[in-house]
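Everything below concerns the one structure shown next.
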Amino acid sequence: MVILGIDPGYAIVGYGVIRYEKNRFSVIDYGAITTEAKTAFNQRLHIIFNDMIALIEKYKPEAMAIEKLFYNTNAKTVIDVAQARGVIMLAAQLNGVDAFEYTPLQVKQAVVGYGRAEKKQVMDMTRRILRLEQIPKPDDAADALALLSLGPLHLAAGAADPRLRHRPAHRADGPGPGQWSPCRSSAEAARHRSGARFQRTSHADG
């Protein structure tokens, strides 16, 4: 199965794509969707949505892991990221891709074993887990891959079990380390055609 990882944002959306089969997983691709600061915000959201559709149509993931929004002292930043995250989730929903959410704390805990690990530690451990020669760039792509290195076994099991698709999106306190929390998906996929604007850094299967 193919799994898509997303680090949400409105200036840069990091993404990673892995294939999981026969108890092994390999990196297919990673990169970032970018929007220019001078572009009107509603147009930036449109670009993100169209490019997410293009990513999903190209790689046809069966599930998506996305970072859960966390509190930031800058309210405007939180609101803007939330809007971008919304169109990302919508793109997945329209294409019947189940979305699984993780907080930054859960990512650190699962990947490094320590919830307050530094970003450099998370990136290096992600590189080791995914057997990459170097830490992926940009950092947003590395963050997206970190979500996927949590444990594709759990994600594969969740996506393969239709019963999980009808459970609540997540508990009030969120899923624990090693647990995947599926969101509801639409029964019918809606296809959209758009030119790809995402900047891709190719990585051959390993």
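None of these values were measured; they are calculated from a predicted model. Just so you know, residue 1 is the first one in the sequence shown, and it goes up from there. Computed from heavy atoms alone, side chains included, the values below leave out hydrogens, waters and symmetry copies.
- No path of Ile, Leu, Val, Met, Phe, Trp and Tyr side chains, each step under 4.5 Å between heavy atoms, connects F41 with I79, placing them in separate hydrophobic clusters.
- Taking all atoms of both residues into account, the shortest heavy-atom contact from G16 to A144 is N-CB, 3.7 Å.
- The structure places CZ of R85 at 8.0 Å from NZ of K68, a figure rounded to the nearest 0.5 Å.
- Tracing side-chain contacts under 4.5 Å through hydrophobic residues (I, L, V, M, F, W, Y), one never reaches I12 starting from I135; they form parts of separate clusters.
- No side-chain heavy atom of L145 sits less than 4.5 Å from a side-chain heavy atom of M123.
- Under the 4.5 Å side-chain criterion, counting only non-hydrogen atoms from C-beta, I66 is in contact with P8.
- Rounded to the nearest 0.5 angstrom, L55 CG and I88 CD1 are separated by 10.0 Å.
- Within the 4.5 Å cutoff, the side chain of Y30 has no heavy atoms near those of the K137 side chain.
- Residues D29 and Y15 form a side-chain contact, since some pair of their non-hydrogen atoms from C-beta on lies under 4.5 Å apart.
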Next item on the list: Kindly indicate, with the supporting measurements, whether the criterion salt bridge (Lys or Arg N to Asp or Glu O under 4.0 Å) is fulfilled by R19 and E62.
Entry: CA-CA 10 Å; R19 176 178 290 110; E62 296 173 59; over 6 Å; no

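- By the 4.5 Å heavy-atom criterion applied to side chains, D7 and V13 are not counted as neighbours.
- With rounding to the nearest 0.5 Å, the separation of CD1 in I53 from NZ in K58 is 15.5 Å.
- Between atom CG of residue L148 and atom CD1 of residue I18 there is a gap of 4.5 Å, rounded to the nearest 0.5 Å.
- Contact check for I56 versus P61: side-chain heavy atoms found under the 4.5 Å cut-off.
- M52 pairs in a side-chain contact (heavy atoms from CB on, under 4.5 Å) with only one of the listed residues (E57, M89, M64), which is M64.
- Checked by atom type, the side-chain pair N42/H46 shows no donor-acceptor distance below 3.5 Å.
- A salt bridge is defined here as a Lys NZ or Arg NE, NH1 or NH2 lying under 4.0 Å from an Asp or Glu carboxylate O, and D124 with K120 fails to meet this definition.
- Interatomic distance, D98 CG to I3 CD1, rounded to the nearest 0.5 Å: 11.5 Å.
- A continuous path of ILVMFWY side-chain contacts below 4.5 Å connects L130 to M1, so both sit in one hydrophobic cluster.
- Residues V2 and I28 are in side-chain contact: their nearest non-hydrogen atoms beyond the backbone lie under 4.5 Å apart.
- V122 places none of its side-chain heavy atoms less than 4.5 Å from the side chain of K119.
- A146 approaches V107 most closely through the heavy-atom pair CB-CG1, 4.0 Å.
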Notebook entry, point to check: Run the side chain to side chain contact (heavy atoms under 4.5 Å, CB included) check on V27 and V17 step by step: do they pass?
Noted result: CA-CA 6 Å; V27 176; V17 187; over 6 Å; no

Check: Hey, mind stepping through L4 and V97 against side chain to side chain contact (heavy atoms under 4.5 Å, CB included) and telling me if it holds?
Finding: CA-CA 9 Å; L4 173 66; V97 180; over 6 Å; no

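- In plain terms, the two heavy atoms of L94 and F49 that are nearest each other are CD1-CZ, 3.8 Å.
- The structure places CG of L45 at 11.0 Å from CG of L90, a figure rounded to the nearest 0.5 Å.
- Here the closest heavy-atom approach between residue A84 and residue G9 is recorded as CB-O, 3.2 Å.
- Closest non-hydrogen pair, Y102 versus L147, comes out as CB-CD2, 3.8 Å.
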